[in-house]
Undergrad: 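Right, I'll just put the structure down here and ask away after.
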Number of protein chains: 2
Amino acid sequence: MKYSQATDYALHAMLYLVDEAPDKPVSVQLLAEKLGVSQTYLSKMLTKLVKAGLIHSISGANGGYRLKRSQEDISFLDVIQAIEGTASLFECSFNHRNECLIQQVVVEAELQMEQFLKSKKIADLAKQVKG
Amino acid sequence: MKYSQATDYALHAMLYLVDEAPDKPVSVQLLAEKLGVSQTYLSKMLTKLVKAGLIHSISGANGGYRLKRSQEDISFLDVIQAIEGTASLFECSFNHRNECLIQQVVVEAELQMEQFLKSKKIADLAKQVKG
DNA sequence: CGAATACAGACTTTATTCATCTATAATAAC
DNA sequence: GTTATTATAGATGAATAAAGTCTGTATTCG
Ligand code: SF4
Ligand code: SF4
């Protein structure tokens with residue numbers, strides 16, 4: 001049970017954008033080169049980040065990707081959930097709704113983790129890397 | 001990204017053992033029937049639980065599985081880690097050891113979840129189901 | 001217009017999960 | 001000691017998901 005590698009790429013891409021893209025949009029070509037992954041593959045993840053409202057895309061020449069929200073607001077949780085989705089770690093086929101105590105325990109546990117990941121911002125990391 | 005179905009089976013099996021197996025060992029045959037899964041498949045999970053030290057196995061006629069530790073000590077975390085292992089959710093191929101800030105964040109986040117799962121005991125759930 | 005860029009869908013390959021089958025080892029009952 | 005009953009281990013196959021590629025389309029700048 002692991003995060004997909006796509007999450008790895010997305011986190012690094014965001015880290016790059018936060019760190020190095022103050023004004024000009026960054027193309028997927030450049031990002032893919034930096035991360036050592038193919039353009040078309042990386043573009044799928046960036047598109048997910050766009051749909052999650054984390055970054056903004058600009059078509060056409062000189063286009064690319066740019067942060068959308070204020071940097072300080074983008075958390076690890078935002079990026080991870082954009083890629084991995086928000087489904088629970090535990091989902092049983094017998095859906096004994098509202099009465100599944102196992103599900104309740106796992107969901108609450110996940111909430112603990114999510115709360116922490118929400119408090120950690122990508123920008124904090126970029127600062128640390130620089131300093 | 002989800003827990004494997006094996007974890008689902010293992011949790012239900014443990015729940016059964018905690019709830020209904022005070023003295024006599026329970027055979028994999030009975031457990032498999034209760035859970036609606038094949039014996040050989042379920043036995044793999046039970047073997048993992050044995051190796052994790054949660055239950056005890058007895059070969060031969062009238063054998064089966066029995067809880068090992070005191071019931072109250074067996075947590076969700078114990079069962080989940082017995083099946084899923086203890087690897088981190090995030091593991092990057094470039095192993096920039098000790099300096100990977102992303103890894104540090106995720107590991108600490110996991111710790112939050114694990115702490116919660118450790119505090120929740122299987123026995124608590126069995127009680128709730130009964131009452 | 002033509003080049004550069006993002007986006008979308010079909011497709012392939014690879015890895016993991018899920019599950020079964022078969023064989024072996026241990027032990028209780030007879 | 002033989003037999004029935006149980007757990008354990010390993011090989012194998014099927015189903016599903018993840019990882020990655022290819023091709024084509026839409027948008028925008030110059
Ligand atoms: S109680 Fe929850 S986990 Fe158990 S069978 Fe019902 S839905 Fe599934
Ligand atoms: S910093 Fe961490 S996540 Fe990033 S490449 Fe290094 S090991 Fe991988």
Side-chain angles (χ1 to χ4, degrees), chain A residues 1-13 17 21 24-33 35-68 80 82-85 87 89-93, chain B residues 1-13 17 21 24-33 35-68 80 82-85 87 89-93:
Chain A
M1 216 249 323
K2 274 202 318 189
Y3 287 142
S4 72
Q5 204 157 338
T7 294
D8 182 327
Y9 293 138
L11 282 169
H12 281 89
L17 288 180
K24 292 199 175 173
V26 180
S27 72
V28 69
Q29 180 179 9
L30 179 64
L31 281 171
E33 196 183 325
L35 302 185
V37 61
S38 82
Q39 297 181 25
T40 42
Y41 190 35
L42 183 59
S43 88
K44 288 193 195 305
M45 298 147 210
L46 292 171
T47 300
K48 281 190 178 180
L49 294 176
V50 169
K51 290 192 173 160
L54 302 184
I55 58 181
H56 186 68
S57 73
I58 302 124
S59 273
N62 301 325
Y65 296 93
R66 209 175 36 189
L67 292 179
K68 193 171 183 184
I80 290 171
I83 305 296
E84 301 284 336
L89 281 177
F90 184 88
E91 275 170 1
C92 179
S93 47
Chain B
M1 214 250 323
K2 273 202 321 189
Y3 287 143
S4 73
Q5 204 157 339
T7 295
D8 182 326
Y9 293 137
L11 282 170
H12 282 89
L17 288 180
K24 291 197 177 176
V26 180
S27 72
V28 69
Q29 179 179 8
L30 178 64
L31 281 171
E33 196 182 325
L35 302 186
V37 61
S38 82
Q39 298 179 25
T40 43
Y41 190 34
L42 182 60
S43 85
K44 287 193 195 307
M45 299 146 211
L46 292 171
T47 299
K48 281 190 179 181
L49 294 177
V50 169
K51 289 190 174 162
L54 303 183
I55 59 180
H56 186 69
S57 73
I58 301 126
S59 275
N62 300 322
Y65 296 93
R66 209 175 36 189
L67 292 179
K68 194 169 179 185
I80 291 171
I83 305 295
E84 301 284 334
L89 282 176
F90 183 89
E91 277 172 359
C92 179
S93 47

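Values in this document were obtained by computation on a predicted structure and should not be read as measured data. Proteins get letters first, then strands, A, B, ... in listed order; numbering begins at 1 in each.
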Undergrad: Going by heavy atoms in the side chains, are B/V37 and B/Q5 under 4.5 Å from each other?
TA: no

Undergrad: B/P25 pairs by side-chain contact (heavy atoms from CB on, under 4.5 Å) with which of B/I55, B/L17, B/I58?
TA: B/I58

Undergrad: Can you tell me how far P of D/dA19 sits from CE of B/M1, to the nearest Å?
TA: 12 Å

Undergrad: Remember a base hit wins even if backbone is also touched, and classify B/Y3 as base, sugar-phosphate or nothing at under 4.0 Å, heavy atoms.
TA: nothing

Undergrad: Would you indicate which nucleotide in C/dT17, C/dC7, D/dA7 comes nearest to any side-chain atom of B/Y65?
TA: D/dA7

Undergrad: Measure from OH on A/Y9 to P on D/dA18 and round the result to the nearest Å.
TA: 15 Å

Undergrad: Using a cut-off of strictly less than 4.0 Å between a heavy atom of the residue and any atom of DNA chain C, enumerate the qualifying residues of residues 35-53 of chain A by number.
TA: A/K44, A/T47, A/K51

Undergrad: For the side chain of A/A61, starting at C-beta, report the closest nucleotide among C/dA4, C/dA28, C/dC18.
TA: C/dA4

Undergrad: Can you check the A/Q5 CD to D/dA18 P distance for me, whole Å?
TA: 13 Å

Undergrad: Taking the side chain as every heavy atom from C-beta outward, state whether B/S57 and B/L46 have any pair of such atoms under 4.5 Å apart.
TA: no

Undergrad: Take the protein atom CD of B/E91 and the nucleotide atom P of D/dA18, then report the distance between them rounded to whole Å.
TA: 17 Å

Undergrad: Any chance CD of A/Q39 has more than 12 other-residue heavy atoms, nucleotides or ligands included, within less than 6.0 Å?
TA: yes

Undergrad: Below 4.0 angstrom, which residues in residues 24-33 of chain A have at least one non-hydrogen atom near DNA chain D?
TA: none

Undergrad: Roughly how far, to the nearest 0.5 Å, is NZ of B/K24 from CG of B/L30?
TA: 12.5 Å

Undergrad: Taking B/T7 as the fixed residue, which of B/H12, B/E84, B/K2 is the one that meets the side chain to side chain donor-acceptor pair (under 3.5 Å) rule?
TA: B/E84

Undergrad: Give the minimum heavy-atom separation between A/V28 and A/Y65, together with the two atoms involved.
TA: CB-CE1, 4.1 Å

Undergrad: May I ask you to verify if any side-chain N or O of B/N62 is less than 4.0 angstrom from the OP1 or OP2 atom of C/dT27?
TA: no

Undergrad: Reckon A/S59 has a side-chain N or O less than 4.0 Å from the OP1 or OP2 of D/dC29?
TA: no

Undergrad: Return the value, rounded to whole Å, for the distance between atom CD1 of B/I83 and atom P of C/dT17.
TA: 12 Å

Undergrad: If you assign each of B/E84 and B/I58 to its closest nucleotide in DNA chain C, which residue comes earlier from the 5' end?
TA: B/E84

Undergrad: Roughly how many Å is it from CG in B/D8 to P in C/dA19, rounded to a whole number?
TA: 10 Å

Undergrad: Do B/F90 and A/D8 touch side chain to side chain, with heavy atoms closer than 4.5 Å?
TA: yes

Undergrad: What's the spacing between A/M45 CE and A/L11 CG if we round to 0.5 Å?
TA: 11.5 Å

